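Okay, so here's the structure we're looking at.
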Amino acid sequence: MRKSRAERLPPTCEVGECMGLLGGAWTPNVIWHLSGGPRRFGELRIDMPGISAKMLSARLKDLEEKGVIRRTVAATSPPSVEYALSDLGRELVPAITAIAAVGARLKARRLAVAAADAPTGQEATVQHKDED
């Protein structure tokens, strides 16, 4: 059996701890959209049109339980709920920003490769549903 030369990480390594917070579907998106300031549920739904209400609700509950976001209920009629990043949530924003920057470079590289592979005189028309 071949042994890895890389040092083995302890079962509860720092990377695992952080990915435990960021690993859920839509989690980075929720944190990203809350990084601009507090938002209400409906505003987050508009910000992320691909997420279902059920998934957004589950993600917000999970992030609140993990201490990443704060949920504030205003005593209005009807009650108004606002979500905001906690101190821990704000600490995650630079990591998500760095990931987004790498994603932008990867996307640009993929488009450049597609353009270079296109027949001469024709523009590459490579589009995916995730592109703006």
Side-chain angles (χ1 to χ4, degrees):
M1 208 159 51
R2 183 176 174 211
K3 292 186 177 184
S4 172
R5 292 183 188 170
E7 183 180 329
R8 292 186 188 262
L9 297 174
T12 56
C13 72
E14 294 81 3
V15 173
E17 287 291 325
C18 191
M19 292 311 295
L21 290 175
L22 293 176
W26 294 97
T27 297
N29 303 72
V30 171
I31 295 169
W32 179 262
H33 288 289
L34 289 176
S35 69
R39 309 288 284 164
R40 294 176 63 175
F41 186 88
E43 293 171 322
L44 288 169
R45 282 289 312 276
I46 292 168
D47 291 342
M48 299 180 286
I51 192 169
S52 69
K54 181 178 178 181
M55 175 60 77
L56 179 56
S57 180
R59 208 46 58 221
L60 290 168
K61 182 178 179 183
D62 181 55
L63 289 171
E64 182 183 11
E65 288 172 358
K66 291 177 177 176
V68 176
I69 63 172
R70 289 185 328 270
R71 181 179 184 264
T72 306
V73 180
T76 58
S77 181
S80 167
V81 179
E82 198 171 68
Y83 298 92
L85 292 177
S86 66
D87 290 341
L88 173 61
R90 284 190 294 278
E91 285 185 55
L92 295 169
V93 173
I96 293 171
T97 301
I99 290 169
V102 171
R105 288 192 299 275
L106 291 171
K107 181 179 177 179
R109 181 184 302 164
R110 180 175 43 81
L111 293 173
V113 168
D117 290 345
T120 307
Q122 295 180 7
E123 289 187 28
T125 55
V126 177
Q127 289 188 345
H128 299 277
K129 67 180 180 180
D130 65 327
E131 293 179 7
D132 300 338

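Remember, it's a predicted structure, so these values are computed and weren't measured experimentally.
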R45 meets the side chain to side chain donor-acceptor pair (under 3.5 Å) criterion, sequence neighbours left out, with none

Look at the side-chain heavy atoms of Ile, Leu, Val, Met, Phe, Trp and Tyr, link any pair under 4.5 Å apart, and say whether W32 and L88 land in one connected group. yes

With sequence neighbours excluded, tell me which residues meet side chain to side chain donor-acceptor pair (under 3.5 Å) with R39. D47

Could you tell me which residues satisfy side chain to side chain donor-acceptor pair (under 3.5 Å) with D87, sequence neighbours excluded, listed by chain and number? R90

dist L85:CG -> I69:CD1 (nearest 0.5 Å) comes out at 8.0 Å

With distance as the sole test, does T97 use its side chain to make a donor-acceptor pair with the main-chain N or O of V93 at under 3.5 Å? yes

Same cluster for V73 and Y83 if Ile/Leu/Val/Met/Phe/Trp/Tyr side chains link at under 4.5 Å? yes

Donor-acceptor pair, distance only, cut-off 3.5 Å: does the side chain of S86 make one with the backbone of V68? yes

Transitively linked via ILVMFWY side-chain contacts under 4.5 Å: V81 with I46? no

Those residues that, when tested against A100, pass side chain to side chain contact (heavy atoms under 4.5 Å, CB included) (two or more places apart): none

Result block: side-chain N/O donor-acceptor pairs under 3.5 angstrom for residues 21-30, not counting sequence neighbours:
from: T27; atom 1: OG1; to: G24; atom 2: O; distance (Å): 3.1

Check for me, please, whether L92 and I99 land in the same ILVMFWY cluster - side-chain distances under 4.5 Å, paths through other members count. no

Enumerate the residue pairs fulfilling side-chain hydrogen bond (donor to acceptor under 3.5 Å, both in side chains) with a member in residues 57-70, sequence neighbours excluded, ordered by first and then second residue. D62-K66

